[in-house]
Structures are given as structure tokens and as C-alpha cells.
There are 2 protein chains.
Amino acid sequence: MDSIDLRLIDLLRDNARSSYAELARKVGLSAPAVHERVGKLEAAGTIRGYRAEVDHEALGLGVTALIGIIEDSGADTDDVLTAVRAMPEVESCYFMAGVESYQLTVRVGTIAELEQLIVRINRTPGVASTRTAIALSTKWENRPQPGVG
Amino acid sequence: MDSIDLRLIDLLRDNARSSYAELARKVGLSAPAVHERVGKLEAAGTIRGYRAEVDHEALGLGVTALIGIIEDSGADTDDVLTAVRAMPEVESCYFMAGVESYQLTVRVGTIAELEQLIVRINRTPGVASTRTAIALSTKWENRPQPGVG
DNA sequence: TCATCACCATGGACTCCATCGACCTTCGGC
DNA sequence: GCCGAAGGTCGATGGAGTCCATGGTGATGA
């Protein structure tokens, strides 16, 4: 994990479809060398995968919301987690410090669908209550942190 | 935008480095046809880009937090936004409905750095107060929603 | 200080892919 | 029924991906 690895990571976070030859030119190595380095970063889990970023509105998922979950005292946390994991609308899920055990990022097409999702989460065993905040607009998302990160 | 486009999007969200030939095999078209479809999806903005996903802990950014910003009454929203945009630690930024105008996802290396970041945000003109919640663990992030999205 | 070992980059070779042009099919409108 | 547009397949070619053998370099230990 040296500075060349970091540059490769930066380049791949900027454009994951760059060819190895292009990466090699940019970092000043040969293509096989880059190939091996990237392979090792993948094997080590430093690079987890490659994702296309989409325009959610264009795909009919124009409503983004953040939902905090407060658990029942004595609830089995794994049950809540399993139930939430089964909901495809939940894009991200963090286990939090504080009153709200989980913080979710969800994406749905309409406010009506959001309502149904909230109802479903509230009905989940172990969930005491939820708090929902709706994103009116997304300024930016998943912006890579250059240099290190 | 037909079902083949949606499948291509799903495949690219799963692995953005798939070759056109591989995508072609999976959707039952020729490679040039897939090439043209993907190019159109990119040109239309439906596909915004391709990003490598990294293990943030491995890169020394093990602390994730969510920060809500309450603005001063009468503050210029653009000033706050510009200031926050200049902070590389801020990975995502949503403009929200509710008391907290902005919701940020931030990533730093240590709690000390988080403290400094919060101080910096609080000192930003237009910011009345902030509310920070720390993620103890990330259950999942940026999970693609299959089928549509 | 020198020998040894392990690791990594290089360069070549071979296979496969990206991509362009030409032609074909299908569908809508006239 | 004909024509044009859109979008598909096919074929060719230039370049990329990837494997392998070789050589150089830095660290370790005697």
C-alpha cells in the first residue's frame, strides 16, 4: 500500500471503467504491473467492487429519505436488522450510537411508497418508533475523498 | 429505456468493470449493440459514472458520522453549501425538509478529526447549530436496488 | 561486506475485446 | 406498398488483457 496504490484507488474511484493500460500510463507503470496491483487490492478487500452510479430519478426512484429507528428495550437487534435487510428500498444501513439504533437511507418512487415503507418498518418486531426526514434535493452523494480515501 | 437497458444497469451496478462482451452474453445481444446502449445511457445521464468501492477503514477513514445542520434564520443557504462543499470529508450532502436544512455524511480517520470538523462546520457563517450521530458500524452502504433502480 | 532470498517491474506473446463500417430487419408514416 | 429511421448482426482490425519468463532491487542474515 504505497502512493501508487493510493493513486490507483483514486483513479478507479473517479472512473471504475478505466482500462489497465490507461491506469498504467497515468501512474507511470506497465499494464501488467497495474493489473497485479489492482488484483491485490481487490483480494485484500481494499477495493470492494465497482459500481455504476445512476440517476435515481431517471429510474423512478426520485424520493430519498433518511429514517432513524428506535428499538424496543430488550429487542433482538438482529431481528430488526434482518427485517430491514430484506427491504430492497433500504440502500444503506448504519448501526448508530445514540437513541436511534439504526439510521437508514431509503429510496422509493413516491411519497405514498415512502409511507408504506415507514408503516412496514414500524410494524417490524423490535421497532419501537421511527423518525423520517425527506431529502428535498441531493447536493452530492458518495463523493470520493482524494489523496487518502 | 426497455427491460434490456434495465438489466444492463443492474449488471453494471453489480460490477461496473464487466466487459461489453460479457454484458452482451448476459442480455443476449451482440457486443456492439450493448456498447451503443450503454453509451446512450451514459449520454442521457441515466448512468452517471463508475466508481470503485473501497474499504474506508483500510484507507484510514474508519469513522463515519451523520451531521445535521440547522441554519441561522435569514442565512444565505448557498454560503453554507459552498463552505460544506469545500470540505473533502463530506461525502454526501442532502438538502432536507425539516428543522435541519442539511444532512451530511462525513468520513474521517479519528474522533479527534471529527471534533475538528464539527467545530469548523459550526464556525461556518450561516450555521446556527449542528447535531452529530456517530456510526458504530456500517451494515451496508449503497446497495443497488435491483429490477428498477 | 557480501550472498541470498523474496518481491516486483519489464517485455514479449497470445488471446480476447472494443469498436468501426457495412449490411439487414423491423416498424411507422405517407 | 414504399421509404426512411432506428437499431440489430456480422466481420475486420487495432489495441487491450493477461500469462510467463527474465532481470533488477531491497532487505535479511552470516
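Throughout, a chain's letter reflects where its sequence line sits, starting with A, and its residues are numbered from 1.
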Over all strands shown, is A/Ser30 touching base, sugar-phosphate only, or nothing at heavy-atom distances under 4.0 angstrom? base

Just call it for A/Arg37: base, sugar-phosphate, or nothing, with non-hydrogen atoms closer than 4.0 Å on any strand. sugar-phosphate

CD of A/Glu22 versus P of D/dA16: gap in Å, rounded? 9 Å

What is the distance, rounded to the nearest whole Å, between atom CG of A/Leu23 and atom P of D/dT18? 12 Å

Side chain to side chain donor-acceptor pair (under 3.5 Å) between A/Thr46 and B/Asp55, worked out: CA-CA 5 Å; A/Thr46 308; B/Asp55 178 356; over 6 Å; no

I'd like to know if [X] pairs up with [Y] as an ion pair, taking the criterion as any Lys NZ or Arg NE/NH1/NH2 lying under 4.0 Å from an Asp or Glu carboxylate oxygen.
X        : Y        : value
B/Glu91  : A/Arg143 : no
A/Arg107 : A/Glu141 : yes
A/Arg120 : A/Glu89  : yes

Report yes or no: do B/Leu11 and B/Ile4 belong to one cluster of Ile/Leu/Val/Met/Phe/Trp/Tyr joined by side chain heavy-atom distances under 4.5 Å? yes

Check the phosphate of D/dA6 against B/Lys40, side-chain N and O only, distance under 4.0 Å to OP1 or OP2. Yes or no? no

At the 4.0 Å heavy-atom cut-off to chain B, mark where contacts on DNA chain C begin and end, going 5' to 3'.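 So the contact region on DNA chain C extends C/dC17 to C/dC20.
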
Hey, which of these two, B/Pro32 or A/Glu36, hits DNA chain C nearer its 5' end, going by closest nucleotide?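 Residue closer to the 5' terminus by nearest nucleotide: A/Glu36.
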
Taking the six-membered ring for Trp, are B/Tyr102 and B/Phe95 closer than 6.0 Å centroid to centroid? yes

